[in-house]
Amino acid sequence: NNNNNDISTNPYRGFSGSTINSTTLETVPSNKRLNLNGICLSSTFLRNANDEDDNFYNIEDVILTEQSIRTLSDLEILSLKSNCMQVFPSCVLKLTSLTSLDLSDNNILTIPPEIKKLLNLRELVLDQNVISVLPATIWELSCLKILRCAHNRLALPPNKFADMRAIVLNESELKLDNSTSLKTNNLTNLNLRGNRLKGNIILGNYGNLTELDVSENNIESLDLLAVEQLQVLQCSRNNLTHLILYGKNLTSLIAGNNCITNLAVTHPPVLLKHMDVSYNELETLPDWLSGCQDLRSLFASNNNIKTLPDHLFCNEMPYLHTVQLAYNQIQYLPAIQRKLPIQELFLQNNSLSTLPENFFRAIYNIKVLNVSNNRLCDLPKPLDVLQLEKLFLTANCLNDKALEKISHCLRNLKIFHAAYNNFTAIPENCCMYWGEIEEIVFSGNKLLKLPDNIGALRHLSVLRVHSNLLQTIPKLSNLLSLRVLDLAHNQLDRIDLTDLIPPNLKFLDLSCNLKLHVDSQQFNTYRSQRPMSLVDVSGKNRTSLPLSPSPFCENDLTESNWTIGFSETSGSKQRLYISQIRLPAFCNIEALFGMFDGENNSDMPVAVDKVVPRILLEERTVKETANDYMKYTMLSAHRELKDKGRKHGMNAVIVHILKSKVPADYSFCGGVKKYIMKIANVGDVRVILGRASGPIRILPMKQKKQIRTNPQIHLMVPDPDVTELYLDEQYEYM
């Protein structure tokens with residue numbers, strides 16, 4: 001790639017001590033960069049390797065002739081990533097002009113002490129190897145500024161790490177012995193992420209270090225008081241309880257997912273721009289935060305914070321953009337005495353009962369506000385149109401009066417979630433003000449009607465108003481953007497499909513409207529004009545809409561009283577390619593459930609709900625294999641589905657629940673063995689079992705590999721996992 005002064009040449013053969021020819025290197029007369037990433041994966045190399053196993057190689061060494069070394073005498077940047085090398089390439093030690101060496105993503109075990117010969121080396125990248133120790137001579141590289149050794153096996157920092165006391169210390173050893181101190185090294189960037197560091201670690205004599213990453217280790221205490229130039233610290237995903245910092249130059253602190261109860265900082269970090277202490281055990285935030293005028297983002301969710309510093313919002317913070325304080329125990333916000341440019345504020349899952357009266361005036365530029373799952377009974381009144389684009393008010397105690405205060409100021413709103421409050425109506429004039437709205441969720445309220453002119457919201461794509469008191473629905477058929485319409489659990493009695501369903505609707509939920517009437521002729525006409533997938537959430541697997549009121553009662557289905565629910569999402573796909581089996585009254589006293597995933601957006605399992613029950617009944621009657629009927633049901637289903645055109649492996653699960661033959665008086669775990677659950681599984685589908693108390697169970701525990709019978713064709717024959725367990729009265733849901 002000449003534009004980047006890189007060299008792209010034919011792959012150099014380096015297998016089992018092969019030589020890199022100087023004639024090849026003559027194409028690189030004066031260039032400074034050489035990229036040999038992944039040479040062992042090239043097709044030319046694989047042919048020369050002449051190995052029967054096409055999946056894995058180890059490079060024993062890379063050898064340069066003397067002429068080649070002379071040709072590369074001016075080389076400064078060398079990259080040998082992803083080459084399956086198990087040993088450090090010794091020829092590299094002869095390239096003394098190197099300033100950057102990248103050996104990441106190999107299988108290197110050790111770094112030779114002779115690395116000190118690379119006197120000009122400024123950057124050494126050793127990520128993703130299997131290195132357990134670094135040589136002490138690495139600190140003789142006086143020009144070395146950047147050392148990256150992430151995702152290796154370092155159990156301790158290197159032997160000559162600063163003053164040799166940056167190691168695991170007992171409490172009695174926590175103070176440094178100045179007599180052991182050495183000359184400060186020149187490192188500015190050190191990355192030890194994803195190693196095996198543990199215990200109490202103190203770093204000293206790192207006077208030049210500006211960036212440090214020790215995330216994803218097992219460190220319990222980290223003392224960086226002597227690292228005075230530190231600007232960026234990443235120490236997330238450890239077991240940190242104590243973190244001690246010198247904060248004068250600190251600009252970024254990423255310390256999430258630890259057990260920190262207190263941040264000890266000398267010299268308040270007034271230059272701080274980013275701080276993430278999420279998922280810790282903090283009960284409050286440090287007072288010095290109010291003096292961080294350059295702060296741009298603050299993440300402190302999932303802690304035990306009850307109160308915020310009184311002066312947190314008293315000083316100017318002209319760059320503050322995002323504040324994340326969700327999942328704490330905050331009862332009130334401190335006074336906001338200055339205008340703040342916050343654009344994203346997350347306060348969900350706290351204990352807030354009020355917001356400051358000047359909230360919308362002070363946080364004037366807010367675009368995303370989430371105060372869901374608090375105790376709010378009212379909202380502050382804005383004085384002008386808000387910039388809000390996303391507003392989440394779910395699970396509070398808000399009423400119509402609170403909504404009327406702000407509705408006329410939400411002219412930029414795109415997403416509005418206000419489920420599970422005490423609203424009885426959506427403001428009739430909302431259509432005048434909410435011209436940009438795309439998603440409305442008002443489920444779980446006490447809505448009696450929807451605005452008559454809601455059809456004027458031309459950008460509306462999602463309308464969820466389930467679990468309300470709606471008896472009628474206004475005309476929605478002209479909402480060309482509407483994709484999702486959820487009207488479940490209301491009191492609808494009659495619907496006109498022509499007025500209800502717009503042309504681009506993808507999902508309509510009318511379940512659990514017990515008084516619902518549907519015009520059969522209209523329904524059949526509509527169905528003939530447009531393909532649809534009909535889902536019967538009652539478990540009766542009906543093939544058409546109920547044309548007259550038919551109260552759903554699980555007691556009518558089976559003496560076992562299985563309660564059947566339904567939930568689905570297509571995620572990022574255009575549609576779901578899943579077939580289900582839902583037979584809660586299988587053979588009258590049993591239950592049969594299953595899920596077959598088509599995976600690849602073009603391969604839908606066909607007629608599964610008819611094929612599998614028939615096969616299972618047949619397999620139970622085969623005397624020789626009756627004990628393994630679940631396994632053979634899955635195998636036979638796979639064969640039959642393959643015959644119907646499926647060409648790929650599948651993700652599938654079959655669950656059969658039947659009465660136990662164990663005597664009724666034999667009890668365990670406080671319950672009686674009434675039923676047996678048998679699970680046959682292939683691929684990635686899992687069954688989750690919930691109990692009245694204790695942890696959930698995810699079955700099967702381990703995943704078996706699928707067996708490929710013919711490498712010439714991609715037909716995967718599953719090796720089913722079969723699990724069997726007794727259901728006692730403690731099991732509540734699957």
> Under 3.5 Å, is there a donor-acceptor pair linking the side chains of Thr498 and Gln522?
Replying inline: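 Judged by distance alone, the side chains do pair up.
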
Would a 4.5 Å heavy-atom cut-off, applied to side chains only, mark [X] and [Y] as touching?
| X | Y | value |
| --- | --- | --- |
| Trp434 | Ile426 | yes |
| Phe593 | Gln580 | no |
| Ser372 | His417 | no |
| Val465 | Leu463 | yes |
| Val687 | Val655 | yes |
| Val371 | Leu376 | yes |
| Leu460 | Glu438 | no |

> For Ile495, which of Leu487, Ile473, Ile501, Leu516 qualifies under side-chain contact (heavy atoms from CB on, under 4.5 Å)?
Replying inline: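 Among Leu487, Ile473, Ile501, Leu516, the one meeting side-chain contact (heavy atoms from CB on, under 4.5 Å) with Ile495 is Leu516.
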
Tell me every residue that passes ring pair (Phe, Tyr, Trp, His ring centres under 6.0 Å) with [X], counting only those two or more places apart in sequence or in another chain.
| X | answer |
| --- | --- |
| His151 | none |
| Phe346 | none |
| Phe423 | Phe442 |

Return the minimal non-hydrogen interatomic distance between [X] and [Y], and the atom names on each side.
| X | Y | result |
| --- | --- | --- |
| Pro474 | Pro451 | CG-O, 3.6 Å |
| Gly690 | Ile696 | CA-CG2, 4.4 Å |
| Asn468 | Gly444 | ND2-N, 3.8 Å |
| Leu413 | Lys390 | CD1-N, 3.9 Å |
| Pro427 | Leu403 | CD-CD2, 3.4 Å |
| Lys659 | Ile589 | CG-O, 4.5 Å |

Decide if atom [atom1] of [X] counts as having more than 12 heavy atoms of other residues, nucleotides or ligands within a radius under 6.0 Å.
| X | atom1 | value |
| --- | --- | --- |
| Glu732 | CD | yes |
| Tyr279 | OH | no |
| Lys446 | NZ | no |

> With Tyr327, which residues qualify under side chain to side chain contact (heavy atoms under 4.5 Å, CB included), at least two apart?
Replying inline: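 By the side chain to side chain contact (heavy atoms under 4.5 Å, CB included) rule, Tyr327 matches Asn302, Gln348, Asn349.
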
> Looking at residues at least two apart in the chain, or sitting in another chain, which of them share a side chain to side chain contact (heavy atoms under 4.5 Å, CB included) with Arg464?
Replying inline: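 Arg464 satisfies side chain to side chain contact (heavy atoms under 4.5 Å, CB included) with Val441, Ser443, Val462, Val484, Asp486, Phe507 only.
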
Is there a donor-acceptor pair closer than 3.5 Å between any side-chain N or O of [X] and the backbone N or O of [Y]?
| X | Y | result |
| --- | --- | --- |
| Asn374 | Leu347 | yes |
| Asn218 | Arg196 | no |
| Asn257 | Ser236 | no |
| Asn304 | Leu282 | no |
| Asn681 | Asp721 | no |
| Ser636 | Thr633 | no |
| Asn399 | Ala402 | yes |
| Asn445 | Leu447 | no |
| Asn303 | Ile305 | no |
| Asn651 | Val685 | no |

What distance separates [X] [atom1] from [Y] [atom2], expressed to the nearest 0.5 Å?
| X | Y | atom1 | atom2 | result |
| --- | --- | --- | --- | --- |
| Leu505 | Leu485 | CG | CG | 6.0 Å |
| Asn422 | Asn396 | CG | CG | 10.0 Å |
| Met677 | Leu699 | CE | CG | 8.5 Å |
| Met634 | Phe596 | CE | CZ | 5.0 Å |
| Cys587 | Leu617 | SG | CG | 5.0 Å |
| Leu492 | Leu514 | CG | CG | 10.5 Å |

> Of all residues at least two apart in sequence or in a different chain, which pass the salt bridge (charged side-chain N to carboxylate O under 4.0 Å, His left out) check with Glu428?
Replying inline: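 Listed in chain order: Lys449.
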
>> So, using salt bridge (charged side-chain N to carboxylate O under 4.0 Å, His left out) as the criterion, who are the partners of Glu216 when residues are at least two apart?
In response: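 Testing Glu216 for salt bridge (charged side-chain N to carboxylate O under 4.0 Å, His left out), a comparison that skips the adjacent residues, returns Arg193.
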
Under the side chain to side chain donor-acceptor pair (under 3.5 Å) test, which residues partner [X], sequence neighbours left out?
| X | answer |
| --- | --- |
| Ser467 | none |
| Thr472 | none |
| Asn513 | none |

>> Would Arg697 and Tyr731 count as a side-chain hydrogen bond (donor to acceptor under 3.5 Å, both in side chains) here? Give the steps.
In response: CA-CA 10 Å; Arg697 296 186 63 179; Tyr731 284 103; 3.1 Å; yes

>> Test salt bridge (charged side-chain N to carboxylate O under 4.0 Å, His left out) on Lys678 and Glu619; report intermediate values, then the result.
In response: CA-CA 14 Å; Lys678 297 186 178 185; Glu619 292 294 344; over 6 Å; no

Which side-chain N or O atoms in residues 475-482 pair as donor and acceptor under 3.5 Å with protein atoms at least two apart or in another chain?
| from | atom 1 | to | atom 2 | distance (Å) |
| --- | --- | --- | --- | --- |
| Ser481 | OG | Arg458 | O | 3.0 |

> So which pairs with a foot in residues 492-514 pass salt bridge (charged side-chain N to carboxylate O under 4.0 Å, His left out), sequence neighbours left out?
Replying inline: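 As it turns out, there is no salt bridge (charged side-chain N to carboxylate O under 4.0 Å, His left out) pair with a partner in residues 492-514 once direct neighbours are skipped.
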
> Is it true that Glu640 and Lys610 make a salt bridge, defined as a side-chain N closer than 4.0 Å to a carboxylate O?
Replying inline: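 Salt bridge: no.
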
